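Note sheet for the following structure.
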Amino acid sequence: MVPNRDGETNRSYMQDPPPRLHEVSFLDVVEAHVQAGGKLKDVWIPGMNMVHPARRAHEGFADVICRLFNAELDALDSGGPAAAAADDLEPPVARRDFDDPDPLPWLHEASSDVPHSCMPVTRHVPDAPTKATPRRSRRGTWQLAEDSPGKPGWIAQGSPTARSPKQDDWLEFPVAFGSRPVLTVQFVKSYSGMGDAEVRLLEKAYTLRGYWESSSSQAFTVYFNASAPHSAEPIGEVSYVRHGFGVTPNSEGTLQVRLVAGAKFKLLGVFTC
């Protein structure tokens, strides 16, 4: 639900919502945060006349939606009312380029293996770096900077040649994991100018590709099931990766990132659970 310019939530078009429909308001999130002793500016952008939540509020709101979505998937698996209603639906049709003939079981597996609604153990974001957050790599290939006003990130500028010495310049993030290790990496994908980066943890690595054929530049998020075994299989353009780095629960380590192809890569965030 989105508040109007007076800070009020317009629910007029939802006077009679379906019986199983959940309603979530940004204003409820703000009120709960302030009542718990939090600061208004942490969840709402100052000077916006109460019309736009801050990044932290967006993250919390998305977590709530993911939690509700996962609850519905669990209901489908358990044979509850949602499953009974789903019996009337036609079976899902897989896309031609989808390796698994039935994507629904994998979706259930991903939703249970990757806990979207979790309290981050490690959180590195460019607009709110901590003391442990890196500002640059040793040789200066990576810099915490803005390539456009108001759009910070860790930006790698290197040579487009295949054998650049800057490929050995690692950006390092200290990370810690909880009881169900998950690693989340956010970066920019674009149709122009972006290369590839390698992420490495515990001497195991995967390649993130900054180029895609979509005619847009957008933030892209990849969730690794960090405790799963490593795989040489390319991760492709998917958000949920079933394999990982063999991370031990409740452990610590260093996530390393380096530019391996192209002249530029932009990293937007590193999170762990």
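These numbers were taken from a predicted model, which means no experiment stands behind them.
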Spatial distance of atom CZ (Arg135) from atom CG (Leu144) [nearest 0.5 Å]: 6.5 Å
Could you tell me the separation between the CG atom of Leu255 and the CG atom of Leu267, rounded to the nearest 0.5 Å? 8.0 Å
NZ of Lys266 to OG of Ser217, rounded to nearest 0.5 Å, is 9.5 Å
List the atom pairs, donor and acceptor, that lie under 3.5 Å between side-chain atoms in residues 193-205 and the rest of the protein, sequence neighbours left out.
| unit_1 | atom_1 | unit_2 | atom_2 | d |
| --- | --- | --- | --- | --- |
| Asp196 | OD2 | Arg209 | NH1 | 2.6 |
| Glu198 | OE1 | Arg258 | NE | 3.1 |
| Glu198 | OE1 | Arg258 | NH2 | 3.3 |
| Arg200 | NE | Gln256 | OE1 | 2.9 |
| Arg200 | NH2 | Gln256 | OE1 | 2.8 |
| Lys204 | NZ | Leu202 | O | 3.4 |

Restricting to non-hydrogen atoms, name the atom on Leu171 and the atom on Ser137 that form the minimum distance, rounded to 0.1 Å. CD1-N, 4.1 Å
Take Thr184 and Val270 through the side chain to side chain contact (heavy atoms under 4.5 Å, CB included) test and state the conclusion after the steps. CA-CA 6 Å; Thr184 303; Val270 172; over 6 Å; no
Excluding sequence neighbours, so at least two apart, what forms salt bridge (charged side-chain N to carboxylate O under 4.0 Å, His left out) with Lys189? none
Shortest non-hydrogen contact between Leu208 and Phe265, atoms and distance: O-CE1, 3.7 Å
Could you tell me which non-hydrogen atom of Pro126 sits nearest to which non-hydrogen atom of Pro152, and how far apart they are? CG-O, 3.6 Å
Please say yes or no: joined through hydrophobic side-chain contacts below 4.5 Å, possibly via intermediate residues, are Tyr211 and Leu268 part of one cluster? no
Shortest non-hydrogen contact from Phe177 toward Ala226: CE2-CB, 4.0 Å
List the steps and the verdict of side chain to side chain donor-acceptor pair (under 3.5 Å) for Ser190 and Ser192. CA-CA 5 Å; Ser190 179; Ser192 176; 5.7 Å; no
Heavy atoms of Ala228 and Arg242 approach each other most closely as CB-O, 3.3 Å
Before accepting this row, confirm whether a basic side-chain N of the pair Arg138/Asp169 lies closer than 4.0 Å to the acidic partner's carboxylate O. no
Do Asn225 and His243 have side chains that approach each other closer than 4.5 Å (heavy atoms only, starting at C-beta)? no
Only one of Phe173, Trp170, Trp142 passes ring pair (Phe, Tyr, Trp, His ring centres under 6.0 Å) with Trp154; say which it is. Phe173
To the nearest 0.5 Å, how far apart are CG in Asp168 and CG in Leu259? 11.0 Å
Working to the nearest 0.5 Å, report the span between CZ of Phe271 and CD of Gln186. 6.0 Å
Least distance between heavy atoms, Arg123 atom then Thr130 atom: O-CG2, 4.3 Å
Nearest 0.5 angstrom please: Gln218 CD to Tyr191 OH, how far? 11.5 Å
Ring centroid separation for Phe224 and Phe245, is it under 6.0 angstrom? yes
For Glu233, is there any backbone N or O sitting under 3.5 Å from a side-chain donor or acceptor partner on Tyr206? no
Is a donor on one side and an acceptor on the other found under 3.5 Å between the side chain of Thr272 and the backbone of Leu183? no
